[in-house]
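A short worksheet on the structure shown next.
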Number of protein chains: 2
Amino acid sequence: MADRMADGTTDRLARSLGRSPAVPPTLADVAERAGVSRQTVSNAVNNPDLLRADTLARVQEAIDDLGYSPNRAARNLRTRASHLIGMRINPAQEGTANATMDRFVHSLVETSGEAGYHVLLFAGTHQDPLEGYDDLLRSTAVDAFVVTDTYLGNPQAAWLESRRAPFVAFGRPWDNPAATHPWVDVDGAAGAELATTHLLDRGHRRIAWIGWRKDSFIGEDRRAGWSRALRSRDLPTTGLASRVEDTVASGREASAVLLDEAQPTGFVCASDTLAMGVLHTLAQRGLVPGRDVAVVGFDDSQVAQVVPPGLTSVRQPLEDVAVGIVKALEDILNHPSRPPGGVLLTPTLAVRGSS
Amino acid sequence: MADRMADGTTDRLARSLGRSPAVPPTLADVAERAGVSRQTVSNAVNNPDLLRADTLARVQEAIDDLGYSPNRAARNLRTRASHLIGMRINPAQEGTANATMDRFVHSLVETSGEAGYHVLLFAGTHQDPLEGYDDLLRSTAVDAFVVTDTYLGNPQAAWLESRRAPFVAFGRPWDNPAATHPWVDVDGAAGAELATTHLLDRGHRRIAWIGWRKDSFIGEDRRAGWSRALRSRDLPTTGLASRVEDTVASGREASAVLLDEAQPTGFVCASDTLAMGVLHTLAQRGLVPGRDVAVVGFDDSQVAQVVPPGLTSVRQPLEDVAVGIVKALEDILNHPSRPPGGVLLTPTLAVRGSS
DNA sequence: GTGAAAGCGCTAACAG
DNA sequence: CTGTTAGCGCTTTCAC
């Protein structure tokens with residue numbers, strides 16, 4: 001011990017000769033300065049209640065003077081926790097209006113930061129949905145994952161469950177009702193119903209739907225909201241729906257066909273991308289959105305916000321999603337026994353010039 | 001040592017009774033299974049050349065069997081490196097077309113992943129530009145930072161330099177030519193010149209500029225490209241430039257005034273957000289972008305890509321920026337002595353219907 | 001309330 | 001080429 005102290009002091013000396021905190025101070029440095037043991041400093045940081053007020057003050061002063069912050073690696077090693085949340089991001093989709101995930105990342109970073117967690121991003125490809133998770137898990141680099149693309153029917157959830165890895169999903173376990181992980185999702189049917197009802201309130205009676213292919217759970221969910229709203233007023237849906245790929249071109253083509261064959265006065269779309277396709281068709285035909293034909297998108301992307309004359313769009317409460325996910329994360333991390341549940345949030349409608 | 005071995009064996013037993021890799025295997029587990037020392041396993045992972053081929057194969061087999069991956073916390077503690085790159089993200093800007101940073105994050109995550117680094121995101125506010133950096137630095141949570149909003153004249157760069165913290169900036173040190181940190185940037189003047197020349201080639205002679213306020217280094221740089229292109233052909237710039245805030249409304253108002261007072265046939269804008277403002281004005285006046293008036297934006301946002309009839313826009317090579325930044329990061333981390341430099345990349349033009 | 005001892009899992013340095 | 005020793009900085013018992 002005496003040896004170590006001596007070495008420590010020498011280190012201090014060497015460090016103070018250097019310019020800046022190139023080598024950060026350690027617990028031992030603080031202890032020495034405050035004239036207490038290392039454990040006392042640790043307690044001052046982690047269990048301040050255990051210290052006498054005057055001791056705490058003295059230690060705190062030393063901490064401030066030295067600019068001490070506990071070394072994460074050491075703490076992580078000891079506590080077997082990294083306070084890092086892993087999240088995989090897929091390549092950015094160009095040529096679409098989709099930016100939900102980017103907006104969500106912002107919310108997640110802010111919310112988890114308040115809870116003392118940082119977000120670790122890793123890359124993934126659509127080819128191998130499991131890529132990246134395994135390594136991070138085995139090397140105990142993260143405490144938990146946030147899984148976001150459950151809608152693809154991806155196997156991450158099942159795989160993570162089998163590895164007993166803590167995670168929370170943004171999105172319901174559509175294809176696995178027996179799933180036991182916590183999740184947070186937004187009620188897409190309610191969103192589409194909100195959008196459709198909005199158009200009904202504006203006097204529209206023939207309202208078309210442009211959505212995704214039938215194998216998309218989310219797409220079918222949103223579509224159900226549209227048909228529910230129309231049926232509740234005994235209005236027709238036949239011939240008014242189209243299921244296409246999520247591209248601007250598909251939205252453009254689908255809306256052209258619908259306009260010709262079904263004469264709708266309004267469109268509700270499963271995404272802003274598809275809604276932009278509708279705007280393309282209207283522009284081509286010299287029709288003015290909001291005056292001649294009403295259009296509503298989904299996700300309230302930046303595109304919806306800035307395109308003239310403004311695209312009315314269903315807005316997912318991503319901030320609340322992040323809050324719910326972080327809450328669920330803390331739950332499973334701190335109370336592993338507690339049974340996990342799901343949370344379904346309700347979207348709102350951002351009304352703009354297109355309706 | 002014998003004690004420890006015995007304990008280790010007991011641990012193994014306990015673990016194997018559990019279902020899954022709830023407790024990941026350690027170096028010692030692999031060593032025991034392969035019948036070698038722990039150090040040999042470490043070498044197999046980090047310096048495979050040091051091992052004889054047959055030993056390596058045996059160790060590798062044990063590693064695979066056990067699904068071993070080195071514990072990051074332990075490795076980080078020992079090597080004093082986290083292989084984490086910190087990056088601060090500001091709150092998402094709603095109501096604008098700006099998404100450069102989101103696109104950049106994707107590229108950075110992918111590129112740094114290939115180099116063995118993960119990206120740690122932390123939140124920040126415009127209020128305190130230093131918030132978050134200090135703690136991460138002192139707790140040695142990250143090996144380096146990527147600083148992105150140098151354009152605000154923010155003090156991070158100077159502060160990080162004074163703390164001798166490794167970092168690379170996306171953006172030139174405009175306000176500090178003496179800066180000694182590496183940086184990567186995109187030549188905004190070249191981009192605006194490219195855009196302006198494009199309109200000149202299409203026959204336009206009166207080309208207006210809508211840019212940012214004079215205190216924006218980036219804005220002035222881009223503006224210089226516009227005026228350079230016009231002056232080189234002896235064309236007028238007087239009365240054709242406007243400096244406003246980066247909002248759609250400002251772009252709308254500025255373009256309306258310019259249209260009335262200077263009769264431009266084309267607009268080059270410092271951002272897609274401003275360009276969208278121009279599209280608003282055109283829509284209001286029944287003018288068709290690309291036919292009646294040409295518009296070019298900056299950043300090639302999703303908005304530019306999907307808005308009818310497509311917004312021509314200067315595209316920053318963010319993938320190359322990320323590659324350059326990661327390269328610089330590896331340089332300063334592995335060769336701290338090597339003098340850092342700056343890299344200036346040239347943007348391209350994505351031509352669409354608006355021109 | 002405070003202090004001493006132990007050890008998380010790994011790798012750098014050296015010994016064989 | 002392989003094994004032994006030591007210790008990164010911290011927190012968790014457990015004495016005092």
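Sequence lines set the chain letters: A, B, ... in the order given, protein chains first and strands last, and positions in each chain run from 1. Just the heavy atoms: all of them, side chains too, but no hydrogens, waters or symmetry mates, feed the values below.
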Tell me the interatomic distance from R38(B), atom CZ, to dT11(C), atom C1', rounded to whole angstroms. 10 Å
Counting C-beta onward and ignoring hydrogens, is there a side-chain heavy-atom pair between F104(B) and M87(B) closer than 4.5 Å? yes
Let's see if you can work this out: which of dG3(D), dC10(C), dG9(D) has an atom nearest to the side-chain heavy atoms of N71(A)? dG9(D)
Mind checking what makes side-chain contact (heavy atoms from CB on, under 4.5 Å) contact with R78(B), not counting sequence neighbours? none
Taking five pairs at each terminus, the helix from dG1(C)-dC16(D) to dG16(C)-dC1(D) shows an axis bend, to 10°, of 30°
Not counting sequence neighbours, which residues clear side-chain contact (heavy atoms from CB on, under 4.5 Å) with D320(B)? List them please. P317(B), L345(B)
What nucleotide among dA6(D), dG9(D), dT12(D) has an atom nearest to a side-chain atom of R80(B)? dG9(D)
Given dG3(D), dG9(C), dC10(D), identify the nucleotide with an atom nearest to the side chain of T26(B). dG9(C)
Would you mind reading off the distance between L77(B) atom CG and dC8(C) atom C1', rounded to a whole angstrom? 9 Å
Side-chain donor or acceptor of Q39(B) under 3.5 Å from a matching atom on the base of dA15(C)? no
Ignoring backbone atoms, test whether R72(B) places a side-chain nitrogen or oxygen under 4.0 Å from the OP1 or OP2 oxygen of dG9(C). no
Proximity to DNA chain D (any heavy atom under 4.0 Å), residues of residues 40-58 of chain A only: S42(A), N46(A)
Nearest-Å distance, CG (L27(B)) to P (dG3(D))? 12 Å
So side-chain hydrogen bond (donor to acceptor under 3.5 Å, both in side chains) across residues 108-123 of chain A, not counting sequence neighbours, yields none
Closest to the side chain of A74(A), out of dC10(D), dT11(D), dG3(D), is dC10(D)
Determine whether L108(A) and V105(A) make a side-chain contact, defined as any pair of heavy atoms from C-beta on separated by less than 4.5 Å. no
Please list all pairs passing the salt bridge (Lys or Arg N to Asp or Glu O under 4.0 Å) test where one or both residues lie in residues 48-58 of chain A, with sequence neighbours left out. R52(A)-D54(A)
Nearest-neighbour nucleotide for the R78(A) side chain, dA6(D), dA6(C), dA4(C) considered: dA6(C)
Once ring-ring contact (aromatic ring centres under 6.0 Å, His included) is applied, do any residues pair with Y133(A), and if so which ones, sequence neighbours excluded? F122(A), F145(A)
For D134(A), which residues count as a salt bridge (Lys or Arg N to Asp or Glu O under 4.0 Å) partner, sequence neighbours excluded? R138(A), R163(A)
With sequence neighbours left out, what residues match D331(B) under salt bridge (Lys or Arg N to Asp or Glu O under 4.0 Å)? R338(B)
